[in-house]
Amino acid sequence: METNNSSFKFWLGVFVIVGLALFVGGIFVIGKQKNMFNPVFKISSKFYNVSGLQVGNKVRFSGINVGTVDRIMIVNDSTVLVDMLIRKEIQKFIKTDCVGSIGSEGIIGDRVLNISQSEGNQPMVEADAMLQSSEPIETDAIMASIQMTADNTASITKDFSEIARNINKGNGTLARLIRDPSLAKDLGQTINNLKKSSKGLDENMEAAKSNFLLRGYFKKKERKAREKKEKAEEKRQEELKQKRKKSEK
């Protein structure tokens with residue numbers, strides 16, 4: 001009987017010690033997540049839609065966890081107020097021009113509130129200040145855009161498959177050009193003829209310029225082109241002078 005009683009007391013003691021250890025560990029973990037053991041300050045930001053953000057979610061600055069979301073409150077039908085608790089040591093890095101935006105950990109991870117870095121020498125943000133905000137992009141909108149892109153890609157692939165099928169069957173001009181060597185040869189000959197015709201046209205134009213009856217016409221045309229080019233150059237030089245005068249002032 002005494003052996004059983006001693007064994008019961010032993011296991012009861014073990015159970016109590018383990019329970020206390022788990023309790024203390026739980027308080028430590030929760031306190032660390034809520035920044036209970038570090039001095040903190042509060043800042044807020046307003047959003048139209050928090051997109052699934054919850055109290056207790058992480059707040060990040062430069063990709064580092066610096067605080068937690070302390071409270072989410074609906075102000076009116078178009079505004080949601082989000083309060084953040086940030087570690088006091090981070091306050092000197094957060095400036096008045098920083099922007100709060102809602103993102104996620106990975107593609108389908110928990111929501112996080114990201115604070116952007118400052119873009120200039122702005123003053124440090126004060127406690128209880130209101131940060132600017134950037135509205136999050138909804139996952140549904142992203143998925144709808146991806147679905148639309150996938151549908152368009154499938155449609156284009158179908159069209160290309162149809163074109164390839166017609167070419168293999170010999171339907172259409174392109175298929176005839178690919179499959180019929182004589183047609184390709186005729187097309188090549190046509191292109192050569194066009195080149196020869198173009199060369200002959202250039203020669204005729206040169207001959208026309210040498211003709212005394214048309215020589216005046218072509219000289220007048222060249223003179224107009226030269227005058228137009230000279231005017232454009234004068235205008236460019238004048239603009240350069242104006243720019244130099246402005247820069248000297």
Side-chain angles (χ1 to χ4, degrees), residues 19 21-158 160:
L22 291 175
F23 179 72
V24 172
I27 291 177
F28 178 77
V29 171
I30 294 173
K32 187 176 181 181
Q33 290 180 346
K34 297 291 185 179
N35 291 302
M36 293 180 178
F37 306 128
N38 296 316
V40 296
F41 73 103
K42 186 185 80 172
I43 53 176
S44 305
S45 193
K46 291 181 180 179
F47 296 89
Y48 176 77
N49 183 355
V50 296
S51 189
L53 187 72
Q54 297 180 359
V55 173
N57 284 161
K58 298 173 182 177
V59 178
R60 288 180 177 172
F61 179 77
S62 298
I64 302 172
N65 296 332
V66 296
T68 56
V69 175
D70 183 55
R71 184 180 66 158
I72 299 175
M73 183 178 67
I74 299 176
V75 179
N76 52 47
D77 60 347
S78 62
T79 306
V80 179
L81 178 67
V82 178
D83 293 336
M84 298 163 270
L85 291 179
I86 311 296
R87 298 204 306 267
K88 190 71 175 177
E89 64 199 53
I90 307 298
Q91 184 175 3
K92 59 185 177 182
F93 302 112
I94 302 177
K95 310 297 183 179
T96 54
D97 64 337
C98 291
V99 179
S101 60
I102 297 173
S104 61
E105 294 182 303
I107 299 176
I108 56 175
D110 292 336
R111 288 308 225 177
V112 295
L113 203 158
N114 296 303
I115 300 176
S116 68
Q117 294 179 325
S118 174
E119 296 182 355
N121 296 324
Q122 299 296 324
M124 180 183 70
V125 71
E126 299 292 338
D128 299 319
M130 188 70 64
L131 282 185
Q132 302 177 58
S133 64
S134 175
E135 291 299 324
I137 300 175
E138 290 293 331
T139 306
D140 294 339
I142 297 174
M143 296 304 296
S145 177
I146 293 174
Q147 183 62 43
M148 183 180 297
T149 303
D151 293 341
N152 293 335
T153 304
S155 178
I156 293 171
T157 303
K158 183 179 178 182
F160 274 119

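This one's a predicted model, so the numbers in the text were calculated from it and none came from an experiment.
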A side-chain contact here means heavy atoms from C-beta on lying under 4.5 Å apart; do [X] and [Y] qualify?
X   : Y    : answer
I64 : I90  : no
V59 : R87  : no
Q91 : M124 : yes
K88 : V40  : no
V50 : I102 : yes

State the [atom1]-[atom2] distance between [X] and [Y], to the nearest 0.5 angstrom.
X   : Y    : atom1 : atom2 : answer
N57 : E105 : CG    : CD    : 8.0 Å
R60 : N114 : CZ    : CG    : 7.0 Å
M84 : S45  : CE    : OG    : 5.0 Å
L53 : I72  : CG    : CD1   : 4.0 Å

Please tabulate, for side-chain N and O atoms in residues 92-99, each donor-acceptor pair with protein atoms closer than 3.5 Å (sequence neighbours left out).
{"unit_1": "K95", "atom_1": "NZ", "unit_2": "K92", "atom_2": "O", "d": "3.1"}
{"unit_1": "D97", "atom_1": "OD1", "unit_2": "S118", "atom_2": "OG", "d": "2.9"}
{"unit_1": "D97", "atom_1": "OD2", "unit_2": "S118", "atom_2": "OG", "d": "3.2"}
{"unit_1": "D97", "atom_1": "OD2", "unit_2": "E119", "atom_2": "N", "d": "3.2"}

Side-chain (S133) to main-chain (K46) donor-acceptor, under 3.5 angstrom: yes

Could you tell me whether the side chain of Q117 and the main chain of S62 form a donor-acceptor pair under 3.5 Å? no

Please collect all side chain to side chain donor-acceptor pair (under 3.5 Å) contacts where either partner lies in residues 72-84, sequence neighbours excluded, each pair once. S44-D83, R71-D83, N76-S78, N76-T79

What one should report as the nearest heavy-atom pair of F41 and V125 is CE1-CG1, 4.2 Å

